[in-house]
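Comments concern the structure below.
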Amino acid sequence: HGFIFYFALWFAFPRMSGWQRLALATGIEVAWELFENTPWLIEHYRQQALAQGYTGDSVINSISDTCAMIIGFLIAYRLPVWATVAVALGLEATTGILIRDGLTFNIINLFHQFEFIQAWQSGA
């Protein structure tokens with residue numbers, strides 16, 4: 001999320017300082033972590049092949065996700081755009097290959113669940 005938030009807020013608020021954008025990004029991330037643990041979204045996740053027993057994120061998971069967003073934001077702040085894009089693609093490819101999951105799959109499955117993705121993620 002940090003890479004995405006950095007570039008979205010850089011584009012939307014070009015005059016805002018980096019620290020102000022980081023504070024806003026952190027607020028957005030914390031809001032998402034709270035929303036992600038609502039009964040409605042937990043039930044929506046349970047409809048997915050890999051999340052049938054999902055009961056929500058632990059507090060430590062939500063804090064870790066927020067810290068990871070901050071690290072990603074700071075990396076995007078320091079690296080050139082091409083390097084940030086390369087790191088993002090590398091991370092998505094690595095998680096996709098190693099654990100058949102990642103941010104891209106989570107976003108896709110949040111809006112529409114494709115049977116071929118569910119079959120691939122479950123190893124079928």
Side-chain angles (χ1 to χ4, degrees):
H1 294 161
F3 295 169
I4 295 167
F5 291 164
Y6 175 80
F7 287 112
L9 295 174
W10 171 80
F11 183 76
F13 303 105
R15 294 184 181 183
M16 189 181 281
S17 76
W19 293 112
Q20 289 172 317
R21 288 192 297 254
L22 177 58
L24 181 56
T26 303
I28 294 168
E29 179 68 22
V30 169
W32 167 252
E33 291 299 328
L34 292 171
F35 178 65
E36 188 178 33
N37 285 293
T38 61
W40 177 83
L41 197 55
I42 290 170
E43 186 58 36
H44 184 74
Y45 279 142
R46 285 182 185 156
Q47 303 302 316
Q48 298 175 29
L50 297 180
Q52 292 178 3
Y54 180 67
T55 59
D57 288 348
S58 65
V59 173
I60 192 71
N61 179 271
S62 293
I63 291 170
S64 297
D65 287 351
T66 302
C67 290
M69 184 285 303
I70 292 168
I71 292 167
F73 187 99
L74 294 172
I75 289 170
Y77 178 76
R78 299 293 298 169
L79 291 180
V81 173
W82 68 266
T84 304
V85 170
V87 169
L89 292 174
L91 289 170
E92 280 298 293
T94 301
T95 57
I97 292 166
L98 294 179
I99 63 171
R100 298 180 186 220
D101 204 2
L103 182 60
T104 303
F105 292 119
N106 284 328
I107 292 170
I108 291 169
N109 285 328
L110 183 61
F111 293 105
H112 184 74
Q113 296 169 18
F114 293 96
E115 286 187 36
F116 72 95
I117 292 176
Q118 289 179 343
W120 177 74
Q121 286 186 312
S122 65

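The basis for the numbers below is simple: all heavy atoms, side chains too, and nothing from hydrogens, waters or symmetry mates. When a residue number appears, it is its place in the shown sequence, counting from 1.
- By the rule that hydrophobic residues join a cluster once side-chain heavy atoms approach within less than 4.5 Å of another member, Ile70 and Ile28 end up as members of one cluster.
- Under the 4.5 Å side-chain heavy-atom criterion for ILVMFWY residues, no single connected hydrophobic cluster contains both Ile60 and Val30.
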Audit row: Thr84, Tyr6, side-chain contact (heavy atoms from CB on, under 4.5 Å) steps and yes/no
CA-CA 10 Å; Thr84 304; Tyr6 175 80; over 6 Å; no

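- Cluster membership check: Ile107 shares its hydrophobic cluster with Trp40, using side-chain heavy-atom separations under 4.5 Å among Ile, Leu, Val, Met, Phe, Trp and Tyr.
- Around OH of Tyr77, the count of heavy atoms belonging to other residues, nucleotides or ligands within 6.0 Å does not exceed 12.
- Taking the six-membered ring for Trp and the full ring otherwise, Phe73 and Phe5 have centroids separated by 6.0 Å or more.
- Side-chain contact between Leu74 and Leu22 is present, with heavy atoms from C-beta onward closer than 4.5 Å.
- Between the OG1 atom of Thr104 and the CG atom of Leu89 there is a distance of 8.5 Å, given to the nearest 0.5 Å.
- Looking at Glu29 and Thr66, their side chains never bring a donor and an acceptor atom within 3.5 Å of each other.
- No single ILVMFWY cluster, assembled from side-chain heavy atoms under 4.5 Å apart, contains both Val81 and Val87.
- Using a distance-only test at 3.5 Å, with no hydrogens or angles considered, no donor-acceptor pair links the side chain of Asp57 to the main chain of Ser62.
- By the criterion of side-chain heavy atoms lying less than 4.5 angstrom apart, applied directly or through intervening Ile, Leu, Val, Met, Phe, Trp or Tyr residues, Ile75 is grouped together with Leu91 in one hydrophobic cluster.
- Summarising the geometry, atom CG belonging to Leu34 is positioned 12.0 Å from atom CG belonging to Leu41; distances are rounded to the nearest 0.5 Å.
- In this pair, Phe114 and Phe116 present their aromatic rings tilted. The plane angle is within the 30 to 60° band.
- Under the 30°/60° scheme for interplanar angles, the aromatic rings of Phe35 and Trp32 are found to be tilted.
- The CD atom of Glu36 lies 6.5 Å from the CG atom of Asp65; values are rounded to the nearest 0.5 Å.
- Annotation for Phe3 and Ala88: closest pair CD1-CB, 3.6 Å, computed over non-hydrogen atoms.
- The backbone N or O of Leu103 lies less than 3.5 Å from a partner atom in the side chain of Glu92, making a donor-acceptor pair.
- A distance-only check finds a donor-acceptor pair linking the side chain of Arg21 to the backbone of Met16 [under 3.5 Å].
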